[in-house]
Amino acid sequence: MGFYASVNGEITPAEEARVSVLDNGFTFGDAVYETLRTYAGRPFHLDRHLERLRRSAQRLAIPMPAGDGALTRELDALLARAANPESYIRIIVTRGRGDISYHFERVLGPTVVMVVKPLASVPSEHYTDGVAVILSSVRRNHPRALDPGIKSCNLINNILAVQEAQAKGAFEPIMLNETGEIAESASANVFLVKDGTLLTPPLDAGILSGVTRLVVLELARGLALPLREEPVAVKDLLAADEVFITSTLKEVLPVATIDGRPVGSGRPGPVTLRLLEAIRDYAPRHSG
């Protein structure tokens with residue numbers, strides 16, 4: 001098993017990979033990224049992740065390589081070199097190498113970095129018992145300050161929330177938006193179940209359009225589960241029968257407690273487990 005990186009197509013062990021200290025991704029956080037995982041050695045919904053990567057780059061006017069063919073070939077070569085049974089994948093695109101100024105016309109780029117390492121699976125007991133989360137005091141960035149649709153490498157907001165959660169012994173922080181409604185966690189989207197109906201904040205709550213979030217919405221409709229995308233108040237989350245979070249790495253992860261208070265029975269509920277089963281059936285068929 002291996003931990004490898006590709007920098008503009010050059011593959012090396014990750015610890016030997018090099019990006020210039022003058023790269024805008026390092027000096028300004030002027031970069032976008034995607035995180036993926038594999039099933040049976042193949043990346044899950046690479047098409048949707050690359051589409052979102054391009055949307056993020058476009059919003060920042062970061063040039064991207066034309067077409068997905070070259071990116072896919074580079075990732076295939078990197079996965080083959082690493083030869084992991086299953087892999088974690090991070091794709092980063094920076095504006096390129098500059099001169100530590102806002103003279104973007106001087107920047108030579110982009111810089112395309114891919115990193116692959118063995119996938120560290122979420123512990124199985126987290127799915128059978130659920131995880132603890134907190135309501136973070138760190139608010140999600142205001143959409144007029146930073147478009148939540150940009151998956152950028154500026155993650156200070158998320159880091160502060162995660163540090164707060166870790167200090168309290170929680171697995172994940174749930175962040176509120178500027179109006180005090182539920183937004184998302186530091187690395188996942190949030191769903192709740194009340195009286196058999198699935199609820200999740202809409203995109204205009206100031207959240208990222210998660211790839212797995214969209215898949216869960218599609219699966220829920222296919223299973224004829226009642227579903228609404230609408231603003232979620234804190235009181236609604238605390239009164240939910242079930243709560244779970246979704247992401248590429250976490251799949252559908254049950255929440256057992258919020259700020260130490262049990263969610264419903266304190267155990268993963270039937271809707272959560274049904275969707276977890278559904279996505280684990282879906283994911284291998286949409287990895288390639």
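This one's a predicted model, so the numbers in the text were calculated from it and none came from an experiment. Sequence positions, counted from 1, serve as the residue numbers for this chain.
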Short side-chain donor-acceptor distance under 3.5 Å, Thr179 and Asn177: yes
Do you see a donor-acceptor pair shorter than 3.5 Å between the side chains of Thr212 and Lys250? no
Close side-chain approach of [X] to [Y], heavy-atom, < 4.5 Å:
{"X": "Val263", "Y": "Leu192", "value": "no"}
{"X": "Leu176", "Y": "Ile182", "value": "yes"}
{"X": "Thr272", "Y": "Val255", "value": "no"}
{"X": "Lys151", "Y": "Leu53", "value": "no"}
{"X": "Phe44", "Y": "Val215", "value": "yes"}
{"X": "Phe104", "Y": "Ile62", "value": "no"}
{"X": "Ile92", "Y": "Cys153", "value": "yes"}
{"X": "Asn158", "Y": "Ser187", "value": "no"}

Can [Y] be reached from [X] by stepping across I, L, V, M, F, W or Y side chains whose heavy atoms are under 4.5 Å apart?
{"X": "Val271", "Y": "Leu214", "value": "no"}
{"X": "Val232", "Y": "Met175", "value": "no"}
{"X": "Tyr33", "Y": "Ile91", "value": "no"}
{"X": "Val133", "Y": "Val162", "value": "no"}
{"X": "Val122", "Y": "Ile245", "value": "yes"}

Looking at every heavy atom in both [X] and [Y], which two are closest together, and how far apart are they?
{"X": "Pro226", "Y": "Gly196", "value": "CD-O, 3.7 Å"}
{"X": "Ala31", "Y": "Gly25", "value": "CB-CA, 4.1 Å"}
{"X": "Ala66", "Y": "Arg54", "value": "C-NH2, 3.9 Å"}
{"X": "Ser20", "Y": "Arg97", "value": "OG-CD, 3.5 Å"}
{"X": "Ala17", "Y": "Val7", "value": "CB-CG2, 4.1 Å"}
{"X": "Pro110", "Y": "Val93", "value": "CB-CG1, 3.9 Å"}

Step by step, would you call Ile89 with His49 a side chain to side chain contact (heavy atoms under 4.5 Å, CB included)? CA-CA 11 Å; Ile89 303 164; His49 280 283; over 6 Å; no
[X] side, atom [atom1]; [Y] side, atom [atom2] - distance, nearest 0.5 Å:
{"X": "Ile100", "Y": "Phe26", "atom1": "CD1", "atom2": "CZ", "result": "8.5 Å"}
{"X": "Ser247", "Y": "Leu253", "atom1": "OG", "atom2": "CG", "result": "8.0 Å"}
{"X": "Glu10", "Y": "Glu16", "atom1": "CD", "atom2": "CD", "result": "10.0 Å"}
{"X": "Phe244", "Y": "Asn189", "atom1": "CZ", "atom2": "CG", "result": "10.5 Å"}
{"X": "Asn154", "Y": "Asn157", "atom1": "CG", "atom2": "CG", "result": "10.5 Å"}
{"X": "Thr246", "Y": "Leu276", "atom1": "OG1", "atom2": "CG", "result": "11.5 Å"}

Dump the intermediate steps for side chain to side chain contact (heavy atoms under 4.5 Å, CB included) on Leu225 and Leu219, then the final yes or no. CA-CA 9 Å; Leu225 294 173; Leu219 292 173; over 6 Å; no
Indicate yes or no for a side-chain donor-acceptor contact from [X] to the backbone of [Y] under 3.5 Å, with no hydrogens or angles considered.
{"X": "Asn8", "Y": "Val112", "result": "yes"}
{"X": "Arg267", "Y": "Thr128", "result": "yes"}
{"X": "Asp259", "Y": "Leu135", "result": "yes"}
{"X": "Glu172", "Y": "Ser185", "result": "no"}

Enumerate donor-acceptor pairs with a distance under 3.5 Å from any side-chain N or O in residues 79-87 to protein atoms, sequence neighbours excluded.
residue: Asn84; atom: OD1; partner: Gly2; partner atom: N; Å: 2.7
residue: Asn84; atom: ND2; partner: Gly2; partner atom: O; Å: 3.0
residue: Asn84; atom: ND2; partner: Ser87; partner atom: OG; Å: 3.1
residue: Glu86; atom: OE1; partner: Thr38; partner atom: OG1; Å: 2.6
residue: Glu86; atom: OE1; partner: Tyr39; partner atom: N; Å: 3.4
residue: Glu86; atom: OE1; partner: Ala40; partner atom: N; Å: 3.3
residue: Glu86; atom: OE1; partner: Gly41; partner atom: N; Å: 3.1
residue: Glu86; atom: OE2; partner: Ala40; partner atom: N; Å: 2.7

For a quick test of your reading: what N or O donor-acceptor pairs under 3.5 Å do the side chains of residues 199-208 make, sequence neighbours left out?
residue: Thr200; atom: OG1; partner: Val190; partner atom: O; Å: 2.6

Test of understanding: with ring-ring contact (aromatic ring centres under 6.0 Å, His included), list the residues that count as partners of Tyr282, not counting sequence neighbours. His45, His286
Among residues at least two apart in sequence or on other chains, which ones pass ring-ring contact (aromatic ring centres under 6.0 Å, His included) with Phe28? Tyr102
More than 12 heavy atoms from other groups under 6.0 Å of CD on Glu218: yes
Please name the residue in the list Asp30, Asp23, Thr111 that meets the side chain to side chain donor-acceptor pair (under 3.5 Å) test with Arg95. Asp30
Carboxylate-amine/guanidinium contact Lys194 Glu230, below 4.0 Å: no
Can you give each donor-acceptor pair under 3.5 Å made by side-chain atoms of residues 143-150, sequence neighbours left out, with the distance rounded to 0.1 Å?
residue: Arg144; atom: NH2; partner: His142; partner atom: NE2; Å: 3.3
residue: Asp147; atom: OD1; partner: Gly149; partner atom: N; Å: 2.8
residue: Asp147; atom: OD2; partner: Arg59; partner atom: NE; Å: 2.8

Other ILVMFWY residues reachable from Leu119 by side-chain steps of under 4.5 Å: Tyr88, Leu249
From CA spacing to verdict: side chain to side chain contact (heavy atoms under 4.5 Å, CB included), Leu275, Val216: CA-CA 7 Å; Leu275 287 168; Val216 168; 4.2 Å; yes
